[in-house]
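All heavy atoms count here, side chains included; hydrogens, waters and symmetry mates do not. In the text below, chain A, chain B and the rest are named by the order of the sequence lines, each starting its count at 1.
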2 protein chains.
Amino acid sequence: MMWTVKAVGLGVVAASLSLELFVWFLRRLKPGRTLHEVLFFPSEMACVEHIFIPSSPHSCLCPLPHGVETSFSRLLGRILSAKSSLDLCIFCFSNMDLCRAVLALHSKGVTIQVLADKDYAAVPGSQIGVLRKAGICVRCDGAPVYMHHKFAVVDGRLLITGSLNWTLTAVQSNMENVLITEEPELVRPFIIEFSRLWAFNDPAPSHHSVDQKPAHVVSRTCD
Amino acid sequence: MMWTVKAVGLGVVAASLSLELFVWFLRRLKPGRTLHEVLFFPSEMACVEHIFIPSSPHSCLCPLPHGVETSFSRLLGRILSAKSSLDLCIFCFSNMDLCRAVLALHSKGVTIQVLADKDYAAVPGSQIGVLRKAGICVRCDGAPVYMHHKFAVVDGRLLITGSLNWTLTAVQSNMENVLITEEPELVRPFIIEFSRLWAFNDPAPSHHSVDQKPAHVVSRTCD
């Protein structure tokens, strides 16, 4: 009978430890699923053609280095990973490769919303007009202050933010950073802020309400 | 004897389940320890005196609202939470309250390193000279491109980054964001980049080496 006691006891212990190990293993896997990445600029210059046309990696004959992974190629890859939506809130947007990426997503049926600073949308070289002409939904913030954000939310789950404006100078010359994360506690506030600014800058005035006023309006009343 | 078997078996099951519950509880607590916060600007204007002098929250007689928590008061609080070090990499620094916070940390013995853009360090209203005069270690990036970062690392564990320059306009007028996180995968790259830029901008030329060259120098060679 003592053997039965020992067998039952050991069996239960083994089962419990296996369960514990299984749970521990599952939890070890979980953090790996939350993507975090930091990119620093300026980016080394390299050909990015293969990012737009992955099927023909060696077709480009441009003089830039090929097959080199750079901060910029990684940024482009993250943007082009969008499957359903891209919400972009950007101060300056003049980089033609980044514009090409947004246009490529649009042509694939990804829902794109672009919120830009009105003054900078009109400067020479701005790609905001190009996006509009392609039929992408663009709204401009016309407040007499800077809409200084530089963030994008991909598929409502991936945040791309930092100091980097979407310009050639920022990518190739300046010292800049881009932080990319799927952490919901960081992504969620940006989604909410985008929705608020998007609604506030709806050209149809009836959509405006006190609740939708962006923080800068509240601030100006306090000044 | 069957009672003994049942008792031992149940005892082992109860002990294992308790252990499982305890581990689950510990793991539930763990995510709460990784701080994530997002602040949006412009910030509502409010008195911040109580953040600098917590012992006398009602001593200030200024006309601003008192006891109001704002994005700016939270940002100040995070900066002032530094116990051992503050590494700041900033494009524009003219905000006097933020300067006061850095000076307060310096007077408490917190080790402070400030890396600034050379051109913007010299503009009227810049607080970089004030920090230098107070004995804070400041280095300026003199490259003919923008040192456009706006990030700080508190105690080597808390990252403060975003679109916000440390100016009055950015805090009170512009639409801006500040992302605050303790996530090591996000903090660590910024610590490494700060060290690299700090070493590269050491005024002693013997400290420069190819390995310490910031990315923008590499980029310029590729242009």
_Does A:Tyr146, at its OH atom, have more than 12 non-hydrogen atoms belonging to other residues, nucleotides or ligands within less than 6.0 Å?_
no
_Can you give me the closest heavy-atom contact between A:Ser173 and B:Val145, atom names plus distance?_
O-CG2, 3.4 Å
_Can you confirm whether B:Met175 sits close enough to A:Leu197 that some side-chain heavy atom of one is under 4.5 Å from a side-chain heavy atom of the other?_
yes
*Test A:Leu179 against B:Leu159 for side chain to side chain contact (heavy atoms under 4.5 Å, CB included), laying out the working first.*
CA-CA 11 Å; A:Leu179 184 155; B:Leu159 170 68; 4.0 Å; yes
_Using the side-chain contact (heavy atoms from CB on, under 4.5 Å) definition, which of the options B:Lys150, B:Glu193, B:His149 pairs with A:Asn177?_
B:His149
*With a 4.5 Å cut-off on heavy-atom pairs, point out which of B:Met147, B:Glu176, B:Glu37 contacts chain A the most.*
B:Glu176
*Establish, from distance only, whether the side-chain atoms of B:His148 and A:Asn174 form a donor-acceptor pair under 3.5 Å.*
no
*Give the ring-plane orientation class for B:Phe151 versus A:Phe40, where under 30° counts as parallel, over 60° as perpendicular and anything between as tilted.*
tilted
*asked:* Is there a side chain to side chain contact (heavy atoms under 4.5 Å, CB included) between B:Thr181 and A:Thr181? Walk through the geometry before answering.
replied: CA-CA 11 Å; B:Thr181 183; A:Thr181 182; over 6 Å; no
_Segment of B:Asn165 engaging chain A (4.5 angstrom heavy-atom cut-off)_ = side chain
*Flag the pair B:Glu183 / A:Glu183 as yes when at least one side-chain heavy-atom distance between them is below 4.5 Å, and no otherwise.*
no
